[in-house]
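Side chains included, hydrogens not; waters and symmetry mates left out as well; all remaining heavy atoms used.
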Amino acid sequence: MKYCMQASLRRITRVPIAMFFDFFFPLMMIAIIAGGNGNQSFGSTAFINYFLPTAIMMGMIPLAFLTFPLSIGKQIEDGSLERLNYFGVRTRTILSSQILSQIIFGLVGLALDMLFALASFHLSFPEAGYFFAFLLQILLGFFTLMVWGGVMALIIKKPQALMSVGLIIMFFLLFCGGTFGSLSTFPSFIRDIARAFPVSYASTKLSLVWTGQTFWCAKFLWISAIWLAVGLVLLFSLAFSNKKLRQNPFLRNK
């Protein structure tokens, strides 16, 4: 397990485009957007406290739809999974190390966003209860995204195709999350489409948790739960009902 974890962490760092979007893109957007709204506040709460959830999701979306699927896809394509199976490493161990590696990088990115916002824009931290409620809901959103990243990796075979599709999905979800402007400025039908995805509530609802106005965001939770349930059903269906996928070395329990 230790070897698999180390290999998984190294593999993540070897995807330059993913590393850029995972870490540097959120920091850059914090600098640009929070810097441009540095003097704006809502009551006594600075703008950065409302923008932080959006910035965090900016880093987690690429992890789920670029880094994670590409890592899986490359292992399938280059035969490394088969070789590890041959030497007695179970596929479930490899998968667990991949997931844990993504979570570690997601938490590192989250910490970097918070530290940068604290040092540059005087981010205010909520009380412990609100802080842990915020983390739990962020991690729920991240896990939901990763499930769908796994679905994508099982459907699409080639890493090049995975990157192309992953970029399209990534930018679409960034748009839904309000990265490129407030959704309130778009037509109503676009807003309705965006609200069908959990990330659209990162800036509008999770910021209320960070600012200590509520512990739980009901809309975010039930929409995430629906996407997570559907994603898990689809993931297991692909794994166990498709003969070709059952023969994939990533799915074998050897």
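- Rounded to the nearest 0.5 Å, atoms CG (Leu63) and CD1 (Ile104) are 11.5 Å apart.
- Screening residues 211-223 for side chain to side chain donor-acceptor pair (under 3.5 Å), with sequence neighbours left out, gives Tyr50-Gln213, Thr211-Gln213.
- Under the ring pair (Phe, Tyr, Trp, His ring centres under 6.0 Å) criterion, Phe220 pairs with no residue at all, not counting sequence neighbours.
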Donor-acceptor contacts under 3.5 Å from residues 136-145 side chains, at least two apart:
unit_1 : atom_1 : unit_2 : atom_2 : d
Gln137 : OE1    : Cys217 : N      : 3.0
Gln137 : NE2    : Ala133 : O      : 3.0
Gln137 : NE2    : Phe215 : O      : 2.8
Thr144 : OG1    : Leu140 : O      : 2.8

CA sep, side-chain torsions, deciding dist, call: Leu173, Phe197, side-chain contact (heavy atoms from CB on, under 4.5 Å) | CA-CA 8 Å; Leu173 291 177; Phe197 298 90; 4.0 Å; yes
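- Phe24 pairs by the ring pair (Phe, Tyr, Trp, His ring centres under 6.0 Å) definition with nothing, not counting sequence neighbours.
- Ring-plane geometry between Phe175 and Phe172 is classed as tilted, the angle between the planes lying from 30 to 60 degrees on a 0 to 90 degree scale.
- We find the CG-CG distance between Leu107 and Leu135 to be 8.0 Å, quoted to the nearest 0.5 Å.
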Taking it one step at a time, do Met152 and Trp148 satisfy side-chain contact (heavy atoms from CB on, under 4.5 Å)?
-> CA-CA 6 Å; Met152 187 179 76; Trp148 282 94; over 6 Å; no
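- Tracing side-chain contacts under 4.5 Å through hydrophobic residues (I, L, V, M, F, W, Y), one never reaches Leu66 starting from Ile168; they form parts of separate clusters.
- For Ile223, the side chain to side chain contact (heavy atoms under 4.5 Å, CB included) criterion is met by Pro198, Tyr201, Trp227, not counting sequence neighbours.
- One distance of note links OG of Ser200 with CG of Asp192; it measures 10.5 Å at 0.5 Å rounding.
- Applying the side chain to side chain contact (heavy atoms under 4.5 Å, CB included) test to Val233 and every residue at least two apart in sequence or in another chain returns Ser237.
- The distance from the CE atom of Met58 to the CE atom of Met170 is 11.0 Å, given to the nearest 0.5 Å.
- Taking all atoms of both residues into account, the shortest heavy-atom contact from Ala55 to Pro26 is O-CB, 3.4 Å.
- With contacts defined as side-chain heavy-atom distances shorter than 4.5 Å, the pair Leu52/Phe47 does not qualify.
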Extract all donor-acceptor atom pairs below 3.5 Å that involve side chains of residues 112-128 and protein atoms in other chains or at least two apart in sequence.
unit_1 : atom_1 : unit_2 : atom_2 : d
Ser120 : OG     : Phe116 : O      : 3.2

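- Closest non-hydrogen pair, Ala153 versus Leu162, comes out as CA-CD2, 3.8 Å.
- To the nearest 0.5 Å, the span separating CE on Met146 from CD1 on Ile61 amounts to 14.0 Å.
- In this structure, CE in Met60 is found 5.0 Å from CG in Leu110, a value given to the nearest 0.5 Å.
- Residues Gly149 and Pro69 share a closest heavy-atom pair of O-CG, 3.6 Å.
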